[in-house]
Each structure stands twice: as C-alpha cells, then as structure tokens.
Amino acid sequence: MSRFGEVDDQYDPEAVEQRVFEYWNDVDAYEQTVEHRADGESFFFVDGPPYTSGSAHMGTTWNKSLKDVYIRYLRMCGYDVTDRPGYDMHGLPIETQVEENLGFENKKDIEEFGEENFIDACKEYAEEQLEGLQSDFKSFGVWMDWDDPYKTLSPEYMEAAWWGFSKAADRGLVEKGHRSISQCPRCETAIANNEVEYEDVEDPSIYVKFDLQNRDGSIVIWTTTPWTIPANTFVAVDEEGDYVGVRAWKDGEREAQSASDESSGDTPQDGELLYLAEAKHEEVLKEGRYEDYEVVEELTGEELIGWSYEHPLEEEVPDHVDAEGTLEVYAGDYVDTHGDGTGLVHSAPGHGEEDFDRGTELGFPIFCPVGGDGVYTEEAGTYEGQFVKDADEEIIADLEDNDAMLSSGHVHHSYGHCWRCDTGILQIVTDQWFITITDVKDELLENVEDSEWHPDWARDNRFRDFVEDAPDWNVSRQRYWGIPLPVWTPEGRDDDEDMIVVSDRAELAERVDQDIDADSVDLHKDTVDDLTITEDGTTYTRVPDVFDVWLDSSVASWGTLNYPSEEERFDELWPADFILEAHDQTRGWFWSQLGMGTAAMGEVPYDEVLMHGHALDEDGRKMSKSVGNVVEPDEAIERHGSDAMRLFLLSANPQGEDMRFSWDEMATLENQLRTLWNVFRFPLPYMRLDGFDPNESSLEALEDDLELVDEWILARLQSTKAEMTEAFEDVRQDRALDALLEFVVDDVSRFYIQAVRERMWEEDDSASKEAAYATIYRVLRETVALLAPYAPFISEEIYGTLTGEDEHDTVHMCDWPAVEETWEDPELETDVALLRGIEEAGANARQQAGRKLRWPIARVVVAADDDRVVEAVTRHTDLLADRLNAREVQVVSPGEQWGELAYSAEADMSELGPAFGGRAGEVMNALNEANIEEPDLEALEAAVDDVLEDDEGLEASMVSFVTETPEDVAGTAFGTDGDDRGVVYVDASLTEDIESEGYAREVIRRVQEMRKELDLDVEERIALEFEVEDDRVADLVADHEDLIREEVRADELGSLEDGHRKEWEVEGVAVEIAIDPLAAAEASD
RNA sequence: GGGCCAAUAGCUCAAUUAGGUCGAGCGCCACUCUGAUAAGGUGGAGGUUCUCGGUUCAAAUCCGAGUUGGCCCA
C-alpha cells in the first residue's frame, strides 16, 4: 500500500475486507507473521476441536474470535504461538448423519452396505464439513494454521489416543465391566450421560400392587416404564420414612361390608390392604379411584425391610429373578417418600444405575432380559422378540389380568433421548470398557489445583463439583466411525485378563500376525478388525468396539503435536499454556483432558483456562433452529462487516457470562470504526500535500514544537496502552477494547482532531503543523496496532496507508505498543480532564442561558473546589476561553466566594450515618433543603436545627456546600469521573461588542452554507452582498465587515446584480444575502 | 429434582472486589455546528437496582426464600 494514498471517503467494510484479503494473500501476511516470531519464546495454545457437523454458528464464531484475539495479542508480545486448529471428526453424530443421507434405518443396513464403505462415507462427510468450517473461520479473519489442522481421523492422531489409553492401561486404569449404561436402541450403542438429551414426553404411569408373601396385602410401587417390571429384583424403601397400611374400598364394596355381620376371610367386603408412604397414600388412592379408605397401620420404612413379595409377572416371565434374598424390601438411599411415586421403589438392577449399584451391593444377580437393540431376549418369557416400549401395552394388560394393577394412566415428564437420533434411551446392563478414573480421584482433584481458571469460580465451584462426582469413564461404543479400541483379547475370551493394549503403529506392526506397514496403515475399524496377534501359542482378536468420541479430543494436547510419532515438540511444549472454550466444556473437553491427562500422564494437560459463555439471542434465550431465533455469522458480516462483528463479540465479557446478541451494539461498533476511519482519513490530504515524512519529522525530532494538545493526546495514548495491557493480563480483552475505543472516539476524534484542525489548514509550513502531523501519525500508527488483534482488516488498511513501505508488510507483525515514559504526563491528563469537564459544564450553562456557542460571552467564572482546578485553569486559560468562546476567564479560588450566590449543603452519608444512626436520613434531608447566604457551618446548623427543632451538632466533614445560581448567570457543576470539582458560571449578558460579533458570525455561517450550496471550492473567492433589515443590527454587523470578508473569502462587497440570492432570518431579523463566485463572474464577461 | 452463573435506564453494560444519595455508551427527543459534512458538538427525558423477607444507622452490594434466563447433572 502506498503511503498517504487516496482512501475511500466512506468506511466500506466489505471493500476493506476484500482488499485486505487480497493483500494478505499477495504478501503471505500470515506466513510472514508466524516466521517473524519463530525465535520468540514458545507459547503452546491448544485449539479445542469443533465437531465437524454443521457450519459455524455464533457461538463457534465467538470462540474462534476470542482465540484469534489472544493469539494475535500474544504474537505481538513476541511469543511464538502454536496455532494449529483442530477438528473432531469421529463419532455418532456423523454416523447418524451419514445414515440419514444414505437412507439407513439401523445397524443391519450398515452391515449390508459394508463397514469399509460406511467408514469411507463417514470420512468423506467429515472432510466436507471440515472444509466448510475452515472457510467460515477464515471469512472473519481468524489466523490459524489452516493448511495443517489436526484431524482426529488421521493415523497420527488416532495413534495419540491409542498411546494415551495404553498409558492408562499401564497404570491399571483400564478395565472391562458389566455396567448399567444408557443405551440408544436405534444406534445400538452405549451413549455417554452427557449425550442424553431430556425432552418432555408422554409415558405410561402405572401403580402396581406387589402381593406380599406370608402376610396380607400388597406393597404399591409406581413406574413410568412398565417394560422394566419383568426385571424387578427388589423393592426399596426409605428406612427413615413414614409409611402406612391402608384398607381401601371401591365401587360400594364397603357398604356391602357393613350390611354383612361377618367380616372374616378374604372377601371383597374387606377391601384391599395396601402399603405405601404416609405422605403419598391419599394421592395414590385417589389415582386408584378408591371411594373410601381407612389407615389401619402406621410404620416406618425400617419395619418394612425384609418383607417378601411375589413377582407380579411370575408366569409370564418364568426366568425372573428368584435368587436368595431377592423379591424382598430393602433400604435404598435413593427413595424419597415425598417425591413422585409411592415411597416404595421398584428396583431392577438391569435397568437403572442406582438400582444396579444397590443390587450389586446386595450381591444380587443382574437380570437384564433386553438386548442392545431394545428387544426382549429369551429370558423375558412371553415378551421375547418384542421391542420393549412396544411391549408396555401387553405388560399393562397382563398386570391387570393378574389383578396387580392399582391404576394405569399417562404422565408428561422429561425423559432421556439420544442426542443424535432422538430415540428414547434405555438403561440396560452391558459389557463395556472403562477407564477407572475413580481410582485416581484424589490425584484428579490435586491436578485441578494446578490449573488457573478465568473466572476462578469456574474451577472452584463448578469443575471441582463435577470431578468429585464423576463416575468411571465408559470409553467403549458399539459403533463403526471412531478410533478402535487398541485392545486384543485371547480368542473366545470375554474379559480384561491377559489383554494386550497396543500403544502405537510401530508396536502394532511388530506384534500382529499380518504384514502391515506402520507408516501407511490406517487405524480404522475395517482395517484393524482383521488383525490378530499370536503370542505364546495364544491367538488374540481385537475387541470390536470404538472409543467414545470424547476420548478423541481428550488427547488433543499431545495429538496436536503429533506425539508419540514426533517427540521433540512434545518434550519442549507440553502441557498447554492456554485453552479457551465455552462453559459447556466443563463437563466436556476441560474434563476429558483432565481425566485422560491424569490417567495417562499423571498431570493436568493445561495450565490456564479461559471459560466463556454462550451466545444467546436478543432476548437472552438460546439460539435454536426450532425457535427460529438463530443469527448466522454470515448475516452479521454482510450487514456490518467482519471487523464490526468481531468487535461486538470481543466487547463481551469472556469470563463465564453468556453474551446477548445485539444488532444495535454491532451497529454502534461499526459506527465507532467509521469514526476511526474519518479520523484517519482527515489528515491524509494535508500530509500528502505538505509531503509530510514521518521519518524526518519524527515526534522525537519535533519535541520542542509540540503544543499542549499534542502532549496531552500522547499522554492519553500512554495511559490507554497501560490500561489495555493490564486488561489483557487479566484476560479481559473486552475492557481493553473499551479503553481503546474510548480513546479513539472520545479523546482522538472528539477532542484532539477538533483542536488541531486549524493547524492543518495553515497554508504555510510551520513547526506547529509539522508537530501536529507527527503527533497524529504516532497516535494512529499505535492505535491500529492496538486495534489489530480485534479488527484485523481495517487496522491493516490504515497501517498500510500510514507506513507505506517503511515498516512490516502487515500490522500483525508489529510489536504490542509499549508505554513510553517520555510521553507520559498524568498531570496534563488531569488538567485536560478538568478543562473538558469545565468546557462541558460551560456548554451546559450556555444552553441554560440561551446563548449559542457562535455568540461570544463576556466572561466565564470558574469556582474551583480545590487548588488543582485553579492550577489547571490558570495554566490553560486561553484554551478554555477559546473553546467556550468567552472574552474572559476568571477563577475563584477554593474558600473564596464569587458574586451574590446563595448556598445550600450536601450531606456526606459516610460521616452522617455513623454520627446520627437512625436519624441520618432525616438530617440529610434537612441539610439538602437548607438555603443560606454564606457557606458557613454555623449558619447551616442553625437552619437545620430550625427544621428539626433540635440541636444537631454538625461537623465540617459531614457536609459540602453547594452554590445556588443567581438569575443573571447560569452555573453548572463540573468534575472528573463523577467527582464534583467546582462550578462554571457563564455570564451571558450582552454588550454591543458581543452582539456585533454574534450577528457577524450568523451572517458568516449563512454565507458559508450558500457557498456549499454552490459547491464552491474552499479557496474560491466570491463577491458578496448583504442587507440587514434592522438598522441597529445592520450597524452592528458593519463593525465586523472585515471579519466577514476574510472568513467567507469575499473580495468584493456591495450590491450584486445576480448570483445566488437568499432570504434569511437571523435571531428574528430578516437578512438578504447574495453571493457570486468571482471566477464565474469573470468567465461570464 | 440437584449444582453453578446471571438479573441495574428502551438496549449493551459500569458502580474502585467484606455496604455510604447508581453512572456511561447506544437509541429516543430537542437544540447546535457547518473546512472530518451521508460527519461533529450540547442538553433532556428515562431507575421500586427481578420479587418478598432479614441483618444494619445505612443494602444494587451481605444473608434467606422465591421468579425468570443460561450451562451442567439427574
């Protein structure tokens, strides 16, 4: 880009982006930037791999923008940052998507299609999705190593997972076991708890009577899963709970009883004897439509323990559990006598995790007559071959036939579903492989301490809770598209004794019977299933399962370094310095990495964590396709540009809190970029015209020529850099951005540029103009460096236009701007802050007095609260007078009083509160309302005592006096950062002199407007005529004829025959103005 | 049902991290400026700090109970 070249008048984000993308491509900006830091200190960032299905949504976009801003920042700080992006490419979501695309219903279809073909199809699909994501990420300027992402489906990466798993096995943490798991009957695989999605559905709701043995009556249980009744093994009670025995009648049975005298024997007249929780009996009996009942027995849960009952489907399921001790009542800590149900819980260890744990504890056989496809096995007796949910109806009918049904209805409740295919999950017991991380729970908790989290509560409140409760990790899935378990077991054996766990490709090639090439072998299921190992006369075959997809990403910290196939970088870099993901990853990647890191390496694989939130819609609801409130990043880019979108995303607090999307905010940020653009392009024509050369005219060379505003904006720049750096160190890039934008919009645009405009207009070369150029050059040059991590496009374009060929090819190679002590000046910053406070207050006072800025005012009086204000005003009187258009500025020192002011007081509650206790509020009100002539404590006290009719004993520290403005002047308090520092009074009284200038300026402004209507060049000369109707005003204006002629560049003044003519009304006075460009007049001659 | 987080102006957020009269930006309205000009400036309106209790002389802030939203878990 050429230095000080022409730029667009309007900030056009799309055009900027296009140009910058091309430019980056031309100069290999990314490659150069990486190379530039190659010798820097290493910084090992690990990208949490997004899953390759679907495109980048707002949340992913936020996540990647955050990663980009920190990576760019760290690079600017000199680090050689690892920036390899990653993609999570295995797992059930892709399988189900591919199945859908191929029109498959179940595993059988896959088997017919062929495993190899299916795996190829999954791979192809995942690669396609990856390309889409990559281009999404590139589209908003993320700089990562797109040419070499780590992919969980690559052999090197799969090997990393094998290696981690084998290390865990070496430590004895791998075991095969019978566990109660969540099974998706469609996908025919176990799924992780965090893959279960809960949805509201209608299910059967049945109350079942289990007839007691060796005593009268039945116990009542409740369930929404009739299909689990065949597997009933025991009933659980709350040992401490209160239960009742109830005799209940329906359909007029009791009347029949009272009619008959004898009530012995089991007759309908006796009703039914039912046992259940005291708290639930009314509700349950109502549910069973009993008309009448009587509590006949009260007992505790403990008393129920040991009662035995008959299996309600005894005949239908002949193989039901009947071992010693089963079909009895036991204590269970999962029972709640006040919750849903009856306080007696039907327990089937084959179909529930809690039931399984308790059943195992009791030493019972685990009866699970259901296969992985959700179909009853032979053990289920008459139900064999039916899908369990389909069998509900028949089971209900059978229970009714067996007179075991108390009530049968339906209920709406939330029930777990497979996150991918939306099929209701089943709890069944199957053989699975586990990493028994519960064996190293203490180590996990210790390792948690070794990582630093932002925000800290994410670790101490959230993550720790999860780690404490985490069960063993079921890592096996009965699917196809995943990393195969590297486990070989002796043929025909079904356990983890004598298993072989292969750790990498080299070991695989060495041990398997077949001849394979370690470098080229693919590790997917279709390949490795055929491999066998024969050692000491035993043949081993591979366990057919693949890994839970969470295991894939859990090894990212070494997988991204291609460890174990490459060792050098691992030795140098591991563990990760920094990872950054959303809060759903507490249970996901943050956890899986800790688990795997601890199991394999004994360490947490990351040092520092930034946990951000989710992107919600404008109403604070989560974005969801079904609700239709999803905002696509593409749309945001189209409407406001990538830079503005990034700015919006990066202006949100990144620590734990969710972000509400807002089009308004994004538009505001685009406007602020527009302001920057305007600031940037304003001095360019002048610099170009004057041939400004920042090398020759450096700030350092021109130091003595700098004016106050120059020094001030440079001082503000230093503070801004300091503030930003501090914010970045606190991992609060949002606060850093706030500081930068405030600097750009408030200090540079609204103050500095306003103040230096006149210097730029000077036609002759001057040291002052040179100094202004040098200052603004430095300010802009550093500003774009500070902005570069956030808004890489606009920063690049501005940087290129400023520096030309002088510096780096890209702003992103710049060093993070350091604070330069030379230019620091906190004194001056305070001065200007005070002056701006005074100026603002003065403008306010002017408005109150009804005097426009165009009209001079006689004087401004600044009543200072403290000496610092006096100092600032005295030092910069001229500047203040100029900006307020005042003829004179007076200062009233602290302690002194000005004019005929009345006084009141403001209470300092931190003093009043302790002194007056409960009456503080009352005293405060009296103080605030008091009105006195002198700011004097005694007078105030008298006024307050008068109101409260008491002697209050005020102290000076309790109050500060405030002035009450007299009528002829307007006064407004001013201050900095919300602290009052004094009052500005504007004396708006008119004099002839002031009126004269005021009216003259009114004329000037209207002539200027007419010049603009004619589209005249700034330098173009004109002939001018004006006629003021009011004689007095006409005389006043005439006094300033010279001023008018100079300002509007009028060479001739008098009556004009033609030209551009207009009637105006100025402050109620009619004025006729005509102008005619002189050049045009000559031409017409 | 449980854990964690959040709730302050119409919107996005502050309020010096063991309490002291709640402030910005945007938007809106009015005014203003006219050599950054499809820009710039000033002012104004707008608050039951989600609700209800409690502690305290004093609560947005501390405690308790709820409501709503978010994440995770059941």
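Note that the coordinates shown come from a computational prediction; the quantities given were computed from them, not determined experimentally. Here is how names work: the chains are called A, B, and so on, in the same order as the sequence lines, proteins then strands, and each is numbered from 1.
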So do the side chains of [X] and [Y] get within less than 4.5 Å of each other, counting heavy atoms only?
{"X": "V832(A)", "Y": "F751(A)", "value": "yes"}
{"X": "M659(A)", "Y": "L649(A)", "value": "yes"}
{"X": "V745(A)", "Y": "R750(A)", "value": "yes"}

>> Protein within reach of the bases, or only the backbone? For nucleotides 3-9 of chain B, mark each nucleotide 5' to 3' as B, S or -, using heavy atoms under 4.0 Å.
In response: BBS----
Salt bridge (charged side-chain N to carboxylate O under 4.0 Å, His left out) with [X]: which residues, sequence neighbours excluded?
{"X": "D357(A)", "result": "none"}
{"X": "E6(A)", "result": "R688(A)"}
{"X": "D734(A)", "result": "R732(A)"}

Length of the line joining [X]:[atom1] and [N]:[atom2], which is rounded to integer Å:
{"X": "L676(A)", "N": "rG40(B)", "atom1": "CG", "atom2": "C1'", "answer": "16 Å"}
{"X": "F463(A)", "N": "rC73(B)", "atom1": "CZ", "atom2": "C1'", "answer": "14 Å"}
{"X": "R836(A)", "N": "rA24(B)", "atom1": "CZ", "atom2": "P", "answer": "14 Å"}
{"X": "E618(A)", "N": "rU12(B)", "atom1": "CD", "atom2": "C1'", "answer": "11 Å"}
{"X": "D658(A)", "N": "rC13(B)", "atom1": "CG", "atom2": "P", "answer": "10 Å"}
{"X": "Q754(A)", "N": "rA36(B)", "atom1": "CD", "atom2": "C1'", "answer": "8 Å"}

> Hey, is the side chain of K622(A) poking within less than 4.0 Å of OP1 or OP2 on rC71(B), counting only N and O atoms?
Replying inline: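 It does, given that an N or O in the side chain of K622(A) lies less than 4.0 Å from OP1 or OP2 of rC71(B).
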>> Looking only at the aromatic ring of each residue, does the gap between the centers of H583(A) and H612(A) stay below 6.0 angstrom?
In response: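 No, they do not, as the ring centres are separated by 6.0 Å or more.
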> Is any side-chain N or O of S749(A) under 3.5 Å from a base N or O of rA36(B), one able to act as donor and the other as acceptor?
Replying inline: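 A donor-acceptor contact between them is present.
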>> Tell me whether the side-chain N or O atoms of E665(A) pair up with the base of rG25(B) as donor and acceptor below 3.5 Å, since no angle test is needed here.
In response: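 Such a pair exists between side chain and base.
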> So which one's nearest nucleotide on RNA chain B is more toward 5', M659(A) or G620(A)?
Replying inline: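 Between the two, 5'-proximity favours M659(A).
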> Considering only the C1' atoms, how many Å lie between rA45(B) and rA39(B), rounded to the nearest integer?
Replying inline: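 Each nucleotide's C1' atom is 26 Å from the other's.
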>> Taking rA60(B) as the reference, what is the distance to rG23(B) when you measure between their C1' atoms (whole Å, please)?
In response: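 rG23(B) and rA60(B) have their C1' atoms separated by 12 Å.
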>> Restricting to non-hydrogen atoms, name the atom on M623(A) and the atom on N629(A) that form the minimum distance, rounded to 0.1 Å.
In response: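 Minimum heavy-atom contact is CA-OD1, 3.3 Å.
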For [X], report the nucleic acid contact type (base, sugar-phosphate, nothing); a contact means any heavy atom under 4.0 Å.
{"X": "E353(A)", "result": "nothing"}
{"X": "T586(A)", "result": "nothing"}
{"X": "V679(A)", "result": "base"}
{"X": "R674(A)", "result": "nothing"}

> Within 45 degrees of the axis of the six-membered ring of W663(A) and under 6.0 Å from its centre: does R639(A) put its NZ or CZ there?
Replying inline: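 Cation-pi check for R639(A) and W663(A): passes.
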>> If the condition is ring-ring contact (aromatic ring centres under 6.0 Å, His included), which residues does F648(A) pass it with, not counting sequence neighbours?
In response: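 F648(A) satisfies ring-ring contact (aromatic ring centres under 6.0 Å, His included) with F661(A) only.
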> Glycosidic conformation of rA36(B), syn or anti, with 90° from 0 as the boundary?
Replying inline: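 Nucleotide rA36(B) adopts anti.
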Proximity to the side chain of [X] - top-ranked nucleotide from [options]:
{"X": "Q672(A)", "options": "rA15(B), rG70(B), rG25(B)", "result": "rG25(B)"}
{"X": "R1005(A)", "options": "rC73(B), rG70(B), rU34(B)", "result": "rU34(B)"}
{"X": "T668(A)", "options": "rA38(B), rC26(B), rA39(B)", "result": "rC26(B)"}

> Does RNA chain B take part in any stems of at least 3 consecutive Watson-Crick or G-U pairs (both distances under 3.5 Å), and if so, which ones?
Replying inline: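 For RNA chain B the paired stretches long enough to count as stems (3 pairs minimum) are B:1-7 with B:67-73, B:10-13 with B:23-26, B:28-32 with B:40-44, B:50-54 with B:62-66.
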